[in-house]
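Right, one structure below, let's go through it.
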Amino acid sequence: MDAQLDALLDAARRARAQAYAPYSRYQVGAAILAEDGRIFQGANMENSAYPTCLCAEHNALGTAVSSGARRFRAVAVVTELDAHGRPGSPCGQCRQALSEFGLDWVVLLAGPSGPPVRTTLRELLPHAFSGEQLG
């Protein structure tokens with residue numbers, strides 16, 4: 001893995017430590033690598049009205065966009081591993097939000113330690129809906 005992706009994964013792991021998950025206790029950290037090299041972090045943020053919770057990926061994307069970034073290279077998502085030793089991956093809503101900015105992102109899925117699983121957003125969201133279909 002290249003140095004930028006290593007830094008991205010480290011940033012997602014640090015973000016996970018800041019997650020606010022008092023109900024599920026399922027902490028998620030995400031970090032997004034913009035094309036210009038900036039890294040934006042996000043952590044999941046729960047509240048007692050579950051539908052209004054924020055996913056880590058969506059949080060990181062909002063931070064990136066509000067900072068002026070519009071072109072992205074990669075996203076790292078860090079979760080606990082499941083019973084089979086696999087990390088979690090972005091939910092459908094987050095996949096759709098990320099795809100607004102293209103499908104060629106590198107996606108790193110990882111646990112609190114160890115190497116990530118590497119995939120792409122295109123592989124996670126085949127046949128994506130896009131704004132082009134609206135008009």
Side-chain angles (χ1 to χ4, degrees):
M1 198 162 39
D2 71 31
Q4 279 189 315
L5 294 182
D6 286 340
L8 183 69
L9 185 56
D10 288 343
R13 286 186 168 133
R14 287 191 312 274
R16 183 175 177 268
Q18 302 304 317
Y20 180 74
Y23 304 102
S24 73
R25 309 247 190 281
Y26 188 76
Q27 295 178 300
V28 181
I32 292 176
L33 175 61
E35 193 173 81
D36 64 10
R38 291 182 291 167
I39 292 177
F40 301 93
Q41 295 172 285
N44 62 317
M45 189 175 77
E46 296 178 350
N47 74 55
S48 57
Y50 250 49
T52 62
C53 296
L54 290 174
C55 294
E57 303 91 328
H58 226 133
N59 232 341
L61 185 61
T63 300
V65 169
S66 67
S67 297
R70 297 292 186 275
R71 298 176 62 96
F72 304 100
R73 250 188 86 204
V75 60
V77 180
V78 176
T79 66
E80 282 297 319
L81 300 177
D82 69 14
H84 304 285
R86 297 176 301 217
S89 76
C91 71
Q93 181 176 336
C94 288
R95 292 175 192 202
Q96 183 61 44
L98 294 169
S99 77
E100 182 71 18
F101 299 93
L103 291 168
D104 294 322
W105 301 52
V106 170
V107 178
L108 303 176
L109 306 173
S113 63
V117 172
R118 185 176 174 150
T119 187
T120 66
L121 188 55
R122 186 176 303 280
E123 290 171 336
L124 291 177
L125 190 62
H127 313 290
F129 178 80
S130 75
E132 295 172 0
Q133 295 164 325
L134 297 175

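Quick caveat, the model's predicted, so the values are computed rather than measured.
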Fill in the blank from the handout: Smallest heavy-atom separation, A110 atom then R13 atom, equals CB-NH2, 3.7 Å
Problem - Spacing of R70 atom CZ and E100 atom CD [to the nearest 0.5 Å] - result: 10.5 Å
Practice task
Report yes if the side chains of Q4 and R73 come closer than 4.5 Å at any heavy-atom pair, otherwise no.
Solution key: yes
Practice task
Drop me the distance from Q93's CD to L98's CG, to the nearest 0.5 angstrom.
Solution key: 10.5 Å
Problem - Note, V77 side chain near V28 side chain (heavy atom, < 4.5 Å) - result: yes
Practice task
Measure the CZ-CG distance between R71 and L33 for me, rounded to the nearest 0.5 Å.
Solution key: 13.0 Å
Exercise for the section: Determine whether V106 and L121 fall in the same hydrophobic cluster, where Ile, Leu, Val, Met, Phe, Trp and Tyr are linked whenever their side-chain heavy atoms lie under 4.5 Å apart. Expected result: no
Practice task
Answer whether the closest heavy-atom distance between the side chains of R118 and L5 falls below 4.5 Å.
Solution key: yes
Exercise for the section: Check whether any side-chain N or O of R38 sits under 3.5 Å from a backbone N or O of S67 as a donor-acceptor pair, and report yes or no. Expected result: yes
Handout entry: Spatial distance of atom CG (L61) from atom CG (L54) [nearest 0.5 Å]
Key = 12.0 Å
Problem - Pair E46 + R25, salt bridge at N-O below 4.0 Å - result: no
Practice task
Could you pull out the closest heavy-atom pair between L124 and P90, with the gap in Å?
Solution key: CD1-CD, 4.1 Å
Problem - Contact summary for A34 and A69, nearest pair of heavy atoms - result: CB-CB, 4.2 Å
Problem - Cluster overlap L103 with V117, hydrophobic side-chain contacts below 4.5 Å - result: yes
Practice task
Hey, can you tell me if F101 and F72 have their rings parallel, tilted or perpendicular (30° and 60° cut-offs)?
Solution key: perpendicular
Handout entry: Contact check, side chains of N44 and C53, non-hydrogen atoms, under 4.5 Å
Key = no
Exercise for the section: Quick one: which residue pairs count as a side chain to side chain donor-acceptor pair (under 3.5 Å) with a foot in residues 48-61, not counting sequence neighbours? Expected result: N47-T52
Handout entry: Shortest non-hydrogen contact from G111 toward V78
Key = O-CG1, 3.5 Å
Practice task
Mind checking the OG-CG spacing from S89 to L125? Nearest 0.5 Å is all I need.
Solution key: 11.0 Å
Problem - Co-membership, hydrophobic cluster, residues L109 and L9, 4.5 Å side-chain - result: no
Exercise for the section: Please check if V65 and W105 belong to a single hydrophobic cluster, counting links between Ile, Leu, Val, Met, Phe, Trp and Tyr side chain heavy atoms closer than 4.5 Å. Expected result: yes
Completion exercise
In terms of heavy-atom contacts, A43 and A15 come closest through CB-O, 3.4 Å
Handout entry: Where E80 and Y26 come nearest, the two heavy atoms and their spacing
Key = O-OH, 4.2 Å
